[in-house]
Colleague: 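Here you go, one structure.
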Protein chains: 2
Amino acid sequence: MVPRKIGDDMLLDRITEIFRAHGYEGASLSRITEATGLQRASLYHRFPGGKAEMVAAVLERTGEWLGANVLGPLCQSGPPRERVERMCERLKEFYSDGGHSCLLDTLSLGDEGSELRASIEAAMTAWFDALSKVARDAGYKRGEARRRAEDAMVLIQGALVVTRATGNRKPFARALDRLPGVLT
Amino acid sequence: MVPRKIGDDMLLDRITEIFRAHGYEGASLSRITEATGLQRASLYHRFPGGKAEMVAAVLERTGEWLGANVLGPLCQSGPPRERVERMCERLKEFYSDGGHSCLLDTLSLGDEGSELRASIEAAMTAWFDALSKVARDAGYKRGEARRRAEDAMVLIQGALVVTRATGNRKPFARALDRLPGVLT
DNA sequence: GTCTATAGCTTGATAGAC
DNA sequence: GTCTATCAAGCTATAGAC
């Protein structure tokens, strides 16, 4: 028996980083090999389905993390504003102050009609619903709450793109500051 | 003499589409060959520098189009609100109602320290400056004008990402509707 | 200016030893 | 469970005919 060089958690962390930074086509096995320390054949032992299985695992795991650490706090009890502020703290670390990209952005490139699209849409919808709910709890009617949830998603994604494209992290920081005002 | 199968303008149009849809790594010569009708060797005759020269040409040309059709109208005379509305009309067609992505987004993936970064940053800055100027013309002081210019860029880029990730073009349409209010 | 043919490298994926 | 070695297919790029 040969011991594992790297645990499932850390392995998926490293692979997730690659997909976030390079997108699906740019996430080559060479880059993943370099980032994880595992050779090609070892990666196929952990993910027999290859890249497709890797990205599916990455999306599922990230969705779970998002549900537990972002959407969860958003739907708990307590004042809506405090719930949103808690989400912002989690987002700040999740995106490393804007230094990391969002999988929903990088994986939605040139991906017509694949199974990824379904997962991405589902993740977007789950996030949107949670934001919508907190806006309703803050007193907005359904239509206005949905608009503000959409504004919040646009704000987050836009700030990440502008931050990445300019190399300046301030837009992301300012977006997080503005989020509570958008949703409550 | 063999006649050109495709003019420079249309050729660059087609190549630009590929880079917008797939990013740099996803824009393979096979896809470009298919989209342009030119074989590999013919592409290298038009762009001796290969993919690097293609993407540089795409960025330069798109920057010129942006300057003439988006930033130009923004800096002309006339009421600021009308100038912004004119920009929104151009953006609507440029992004095909949200159906096309922004090069500043798709080309900024996994592109640490390349020459592309410089071009992307420069394009972002030019756009930001033009938006900033129109906000000042609308009566905002310098700091507030810069904040609103940043909000506008975040709004546009975020709406494009959300629209692409959800497959629903309404967020982009609503973003364009909100732009005049953000800048004036 | 376009093409076919080809070189050489990288990709995703597999076989089999330890 | 990891590894080296290997495969076919894809990639960027080039040579040379027309």
Side-chain angles (χ1 to χ4, degrees), chain A residues 1-59 103 106-107 109-116, chain B residues 1-59 61 106-107 109-116:
Chain A
M1 269 302 186
V2 177
R4 287 196 165 182
K5 286 181 70 174
I6 182 174
D8 279 337
D9 275 5
M10 187 172 298
L11 176 57
L12 271 173
D13 280 348
R14 301 276 169 82
I15 297 178
T16 301
E17 271 188 66
I18 302 295
F19 278 109
R20 283 174 84 159
H22 297 95
Y24 188 79
E25 311 224 33
S28 67
L29 292 192
S30 302
R31 285 188 169 126
I32 297 177
T33 281
E34 187 183 12
T36 61
L38 287 186
Q39 296 303 317
R40 284 170 149 69
S42 306
L43 290 169
Y44 275 89
H45 182 263
R46 309 282 281 263
F47 302 94
K51 261 180 85 169
E53 186 175 338
M54 290 183 210
V55 79
V58 160
L59 263 178
L103 285 169
T106 66
L107 291 181
L109 264 184
D111 171 42
E112 306 297 336
S114 95
E115 308 161 25
L116 277 189
Chain B
M1 269 304 184
V2 177
R4 286 195 166 184
K5 287 181 69 174
I6 183 175
D8 278 338
D9 275 5
M10 187 172 300
L11 177 57
L12 271 173
D13 279 348
R14 302 277 169 80
I15 297 178
T16 301
E17 272 186 64
I18 302 295
F19 279 109
R20 284 173 82 159
H22 297 95
Y24 187 80
E25 311 224 33
S28 67
L29 292 192
S30 303
R31 283 187 169 126
I32 297 177
T33 281
E34 187 184 12
T36 61
L38 287 186
Q39 296 302 319
R40 285 171 149 68
S42 307
L43 290 170
Y44 275 90
H45 179 76
R46 309 282 281 264
F47 303 94
K51 261 180 83 169
E53 186 175 338
M54 291 184 210
V55 78
V58 160
L59 263 178
R61 187 178 133 96
T106 67
L107 291 182
L109 264 184
D111 171 42
E112 306 297 334
S114 96
E115 309 161 25
L116 277 190

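Just so it is clear: chains get the letters A, B, ... in the order the sequence lines come, proteins before strands, and each one is counted from 1.
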Colleague: How about CD on Glu53(A), more than 12 heavy atoms from neighbouring residues, nucleotides or ligands closer than 6.0 Å, or not?
Modeller: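 Yes, because the 6.0 Å sphere around CD of Glu53(A) holds more than 12 heavy atoms from other groups.
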Colleague: Could you state the interatomic distance from OG1 (Thr16(A)) to CG (Leu103(A)), rounded to the nearest 0.5 Å?
Modeller: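 The OG1 atom of Thr16(A) sits 6.5 Å away from the CG atom of Leu103(A).
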Colleague: Is the phosphate of dG1(C) approached by His45(B) (side-chain N or O, under 4.0 Å from OP1 or OP2)?
Modeller: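 Yes, within the criterion.
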Colleague: Measure from CZ on Phe47(A) to P on dT14(C) and round the result to the nearest Å.
Modeller: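 Roughly 15 Å, once rounded to whole Å.
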Colleague: Please tell me if the side chains of Phe19(A) and Thr106(A) come closer than 4.5 Å, counting only heavy atoms from C-beta onward.
Modeller: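 Not touching, per the 4.5 Å side-chain cut-off.
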Colleague: Applying salt bridge (Lys or Arg N to Asp or Glu O under 4.0 Å), which residue pairs with at least one partner in residues 12-22 of chain B are found, sequence neighbours left out?
Modeller: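 Sorted pair list: Asp13(B)-Arg61(B).
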Colleague: Is the shortest distance from a Lys or Arg side-chain nitrogen in Glu25(B) or Arg31(B) to a carboxylate oxygen in the other one below 4.0 Å?
Modeller: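 Result for this pair is no, no salt bridge flagged.
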Colleague: In the 5'-to-3' direction, what one-character label does each nucleotide of nucleotides 3-18 of chain D receive under the scheme B = base within less than 4.0 Å of a protein heavy atom, S = sugar-phosphate only, - = no such atom?
Modeller: BB------SBBBB---
Colleague: What is the distance, to the nearest angstrom, from the CZ atom on Arg46(A) to the C1' atom on dG1(D)?
Modeller: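 Arg46(A) atom CZ is separated from dG1(D) atom C1' by 8 Å.
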